[in-house]
Amino acid sequence: MKRKIEKVLIANRGEIALRIMRTLKEMGIRTVAVYSDVDVAMPFVRYADEAYPLGGAEARETYLDIGKIVSVAKESGADAVHPGYGFLSENSAFAHEVVKHGMIFIGPGADAIKSMGDKTEARKIVSGFGVPVVPGTKEPITDLTEARDVAARIGYPILVKAAAGGGGKGMRLVHEESELESSLRGARSEAKSAFGDGRIFIEKYVLGPRHIEFQILADHHGSVVHLFERECSIQRRHQKVVEETPSMALTPQLRMEMGEAAVNAARACGYTNAGTVEFILGEDGKYYFLEMNTRLQVEHPITELTTGMDIVREQIRIAEGEKLPFTQEEITRRGHSIECRIYAEDVHNNFLPDSGVLKALREPSGNGVRVDSGVEAGSDISVYYDPMIAKLSVWDLRRDQAIEKMLRALNDYLVVGVKTTVPFCAFVMRSESFRSGKYSTHFVDEFWKSDDLQRESAATERLDRALIVAAARLSRNESQWRVTG
Ligand code: ADP
C-alpha cells in the first residue's frame, strides 16, 4: 500500500540528524527534531522546521526514551519516524511502538530488527539460506565445560561475543584455554551491563581479518539489491575509523559471490528498507557472515559518492511503498571513495574520548570533498554521547588520487578545542600498508601503537596546533572562518 510521507521526526542528533533532514528538505518533506538539554544550541536543532525538547541530558532519558519520542512524534503531527543510527535505531520495540501509533517507521519491520539483533539467531537464519557463518556456536554458551569443548573443536584463537552485541562491546579474544574462563566471565558481565542481556557465544577468530560489508536495499515488493561493498578494516576497539570502497581485497568473482550472499541474508529475514550485511574475510580468501545492521550506517556516504545514489531518499521511497526504481544490473559505480571519521578523541592516549568547546573550526571543502558535520565553532562536545563530531569523505576517479585528496582535506581540517582523530587518519593515508591496500583489522596494533611513529605524529600535531591557533587569530574576520572565544 502506498502512503505519501509529509512530515518526519528524526529520533537522533548531530551529523546524522542533519544529513537525514537535508534529503527530506530536498523531497519537500517537513522535518521535526527532538533534542536533549545539552543539545539545545546544536545546529541540527536550528535546521529542523520544528524542534521539541525531550528534557534531560542522559541518553536514556532523552534519545533512548521510546515513550517521550513517540508522544512528541504524535504531538507534532509527524507521519513517519527516522531513527538514524545508534540510539533506538535497532530497537524492535521502538519500531513496533511507532507503527502501533499509526506512523511509518523508516527502516525494516520490527521482526527483522529483532531476529537480526540477536547474533546467534541471525547466524541460524542466514545459514539456513546458504550464507557462510564463522565456525562456532549457534546457541548461547551456558557452561565452562561446553565452552572448552567447542573451543577445542574449532581451535584457538577464538572470540567470545555477546549475542546482543554492538559497538565491539562484550567481545573477548581468547588465545588459549587458560584464558577462557576469565574471558567468558568478563564478556558476560560487560554484555549484561551494556545490553541488559548476558548471553554469549563462541566464534572462531578469523586470521588476518578484513571487515567487508555490503549495502543492501529491499522494497516491499520482493526486490532486493546490493550497492556493492565497503571495506572497514581500519578499526580501534573493534570500531571503524576509516572506510573505503571499492575494497582492494575483492576480486570481481568474490565481489559477486559476497553480494549475492548479502542479498540472501536480507531475504532470509524478510528484510525491507536499507541495511548492511557485514562479513569477515580471512587471509585465505574465505568469507563469513558476521551480522546484519538493520539501519543506515555511519559510513553510507562512500556508497553514495561511488553509486550516485541518495540512500536516505531510497529509504523514504521504500517506506512510502514505492518499488525500487532499478535492478541489480542497472546499479553501477565509478571511481574510489574514502571516509575518515572525525572523533573527539586523544589518538595518543588510546583513543580516549575528549570533550570541550570548539573554539575554532574550519572544515575542508573543494572538488570531491564531502563533510557530514554535526558541529560548528562554539559547539560543546559533551561527554554524554558518542564522540564522533563529523565524517570527512572524498571521491576521485582513482584510489591513489582519493588518498592524496583525503590527505589534503585532513590538512585543511582545523579543529581547536578538542583533540581529534585527524592526525591518526592522516597517518593511515600516509602508511605504506594502507597505500598498498594490504591491510587488516590489526592495523592499529601493528603500526599505530609503535612508539616512534606516535612520537613523530605527536610532534607534527603540536606544530600544527600552534599554527592553527595563530591562523585562527589572524583570520578572525575572514568569512570562511568561524571563530569564537
Ligand atoms: P559488533 O556488533 O560489536 O560491532 P561485530 O561482530 O560486527 O561486533 O564485529 C566487530 C569487529 O570485530 C569486526 O569488524 C572485526 O574487526 C572483529 N571481529 C568480529 N568477529 C570476528 C572474527 N570471528 N574473527 C576476527 N575478527 C572478528
Side-chain angles (χ1 to χ4, degrees), residues 85-86 89-91 113 115-123 126-127 131-138 140-141 150-151 153-175 183 186-188 190-195 197-215 229-244 247 249 258 262 265 275-295 297-299 339 341 351 386 388 439-446 448:
Y85 56 70
S89 62
E90 292 182 287
N91 184 311
I113 298 179
S115 47
M116 289 293 125
D118 179 335
K119 287 187 204 244
T120 48
E121 182 71 15
R123 281 160 66 79
V126 306
S127 56
V131 179
V133 299
V134 190
T137 54
K138 290 207 181 86
I141 287 276
V150 174
R153 182 166 47 78
I154 60 178
Y156 289 91
I158 57 145
L159 266 184
V160 177
K161 282 186 167 183
K169 292 203 188 80
M171 208 185 286
R172 293 283 188 287
L173 176 57
V174 188
H175 295 95
S183 300
R188 197 173 274 135
E190 193 173 310
K192 184 106 187 83
S193 71
F195 315 111
D197 177 348
R199 288 173 311 134
I200 48 170
F201 68 104
I202 288 179
E203 245 179 42
K204 170 112 191 116
Y205 186 74
V206 175
L207 295 176
R210 301 182 72 141
H211 175 117
I212 312 278
E213 59 185 32
F214 277 74
Q215 174 73 53
E229 82 280 9
R230 293 185 286 259
E231 162 130 30
C232 318
S233 301
I234 306 286
Q235 308 180 343
R236 44 104 184 79
R237 290 193 286 272
H238 300 300
Q239 284 180 327
K240 306 156 188 169
V241 195
V242 176
E243 301 96 350
E244 69 171 323
S247 163
M258 291 176 79
T276 297
V277 182
E278 298 190 335
F279 296 100
I280 196 97
L281 175 68
E283 55 197 3
D284 57 3
K286 290 203 180 121
Y287 67 90
Y288 307 95
F289 170 87
L290 267 188
E291 65 164 344
M292 181 161 190
N293 287 139
T294 54
R295 54 168 165 84
Q297 298 269 103
V298 172
E299 58 274 22
E339 176 187 89
R341 299 190 185 189
F351 296 89
D386 184 86
M388 197 183 76
Y439 60 94
S440 75
T441 61
H442 300 313
F443 183 92
V444 167
D445 285 333
E446 277 177 21
W448 179 248

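As the structure is a computational prediction, the values presented were derived from the model and not from experiment. Whatever order the structure lists them in is the order used to number ligands and atoms, beginning at 1.
- If you number the atoms of ligand 1 from 1 as listed, the ones under 4.0 Å from a heavy atom of Tyr205 come out as 24 (N), 25 (C), 26 (N).
- For atom 22 (C) of ligand 1, the closest heavy atom belonging to the protein is Leu159 CD1, 3.5 Å.
- Glu203 places no side-chain N or O within 3.5 Å of a backbone atom of Lys161 that could act as its donor or acceptor partner.
- Near Thr441, meaning under 4.0 Å from any of its heavy atoms, are these atoms of ligand 1: 16 (O).
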Got a list of side-chain donor-acceptor pairs under 3.5 Å for residues 276-290, not counting sequence neighbours?
{"unit_1": "Thr276", "atom_1": "OG1", "unit_2": "Arg230", "atom_2": "NH2", "d": "3.0"}
{"unit_1": "Glu278", "atom_1": "OE2", "unit_2": "Lys240", "atom_2": "NZ", "d": "2.8"}
{"unit_1": "Asp284", "atom_1": "OD1", "unit_2": "Lys286", "atom_2": "N", "d": "3.0"}

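- Minimum heavy-atom separation, Thr120 to Lys138: CB-O, 3.4 Å.
- The distance criterion of under 3.5 Å between nitrogen or oxygen atoms is not met by Pro209 with respect to ligand 1.
- Of the options His211, Met171, Gln235, the smallest heavy-atom separation from atom 16 (O) of ligand 1 is shown by Gln235.
- Listed by number with element, the atoms of ligand 1 under 4.0 angstrom from any heavy atom of Glu278 are 7 (O).
- Residue Val134 has at least one heavy-atom neighbour below 4.0 Å for each of these atoms of ligand 1: 23 (N).
- The closest donor-acceptor contact from the side chain of Glu90 to the backbone of Thr294 lies under 3.5 Å.
- In this structure, Ser440 has no side-chain hydrogen bond (donor to acceptor under 3.5 Å, both in side chains) partners at least two apart in sequence or on a different chain.
- Using a 4.0 Å cut-off to heavy atoms of Lys204, the atoms of ligand 1 that qualify are 22 (C), 23 (N), 24 (N).
- When each of Lys119, Arg123, Met116 is tested with Glu291 by the rule side chain to side chain contact (heavy atoms under 4.5 Å, CB included), just one qualifies, namely Lys119.
- The closest donor-acceptor contact from the side chain of Arg341 to the backbone of Val298 lies at 3.5 Å or more, if one exists at all.
- The distance criterion of under 3.5 Å between nitrogen or oxygen atoms is met by Val206 with respect to ligand 1.
- Using a non-hydrogen distance threshold of 4.0 Å, Gln239 does not register as a contact of ligand 1.
- Backbone and side-chain nitrogen or oxygen atoms of Gly168 are examined, and one is located within less than 3.5 angstrom of a nitrogen or oxygen of ligand 1.
- With Glu243 contributing its side chain and Cys232 its backbone, the two residues share no donor-acceptor pair below 3.5 Å.
- From the protein, the heavy atom lying nearest to atom 1 (P) of ligand 1 is Lys119 NZ, 3.4 Å.
- Of the candidates His442, Glu203, Glu291, it is Glu203 that places a heavy atom closest to atom 23 (N) of ligand 1.
- In this structure a side-chain-to-backbone donor-acceptor pair under 3.5 Å is present from Thr137 to Ile202.
- Between Glu213 and Gln297, the closest side-chain pair of non-hydrogen atoms falls below 4.5 Å.
- Considering each of Lys161, Lys169, Glu213, Met292, the one bringing a non-hydrogen atom nearest atom 6 (O) of ligand 1 is Lys161.
- His238 ND1, 3.8 Å is the protein heavy atom nearest to atom 17 (C) of ligand 1.
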